[in-house]
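The structure appears right after this line, and notes come after that.
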Amino acid sequence: MGGIIMFIVYLLVGGLIIKVGVDNSKGTQYSKEILKELREIKELMMKDKNE
């Protein structure tokens with residue numbers, strides 16, 4: 001009986017770990033996109049400054 005309960009607990013914990021990992025990778029992707037946009041804005045500002 002105890003083995004079944006532990007198995008269910010492991011499944012739940014495993015699911016949570018996977019969900020957190022997926023959420024982190026999405027966050028990382030958003031961060032990369034934001035940094036890319038900021039670099040592009042910075043380049044445009046530098047061009048305007050030099051002209």
Side-chain angles (χ1 to χ4, degrees):
M1 182 71 185
I4 294 171
I5 294 171
M6 289 304 293
F7 179 71
I8 292 170
V9 169
Y10 285 136
L11 282 178
L12 291 173
V13 170
L16 286 173
I17 290 170
I18 290 169
K19 183 177 181 344
V20 167
V22 169
D23 289 347
N24 281 343
S25 68
K26 285 181 184 175
T28 302
Q29 185 62 37
Y30 293 142
S31 297
K32 286 180 181 175
E33 289 176 15
I34 290 168
L35 284 172
K36 183 180 173 190
E37 292 290 329
L38 287 172
R39 283 189 194 108
E40 290 173 1
I41 292 168
K42 183 180 172 185
E43 286 175 14
L44 287 173
M45 291 177 73
M46 294 298 269
K47 282 183 185 177
D48 288 346
K49 192 176 179 182
N50 290 336
E51 289 179 1

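Please read all numbers here as calculations on a predicted model, not as lab measurements.
With values rounded to the nearest 0.5 angstrom, Ile17 atom CD1 is found 11.0 Å from Tyr10 atom OH. To the nearest 0.5 Å, atom CE of residue Met45 and atom CG of residue Leu38 are 10.5 Å apart. A distance of 9.0 Å separates CD in Glu43 from CZ in Arg39, rounded to the nearest 0.5 Å. For the atom pair NZ (Lys19) and CG (Asn24), the distance works out to 10.0 Å, reported to the nearest 0.5 Å. In this structure, Thr28 OG1 and Asp23 CG are separated by 10.5 Å, a value rounded to the nearest 0.5 Å.
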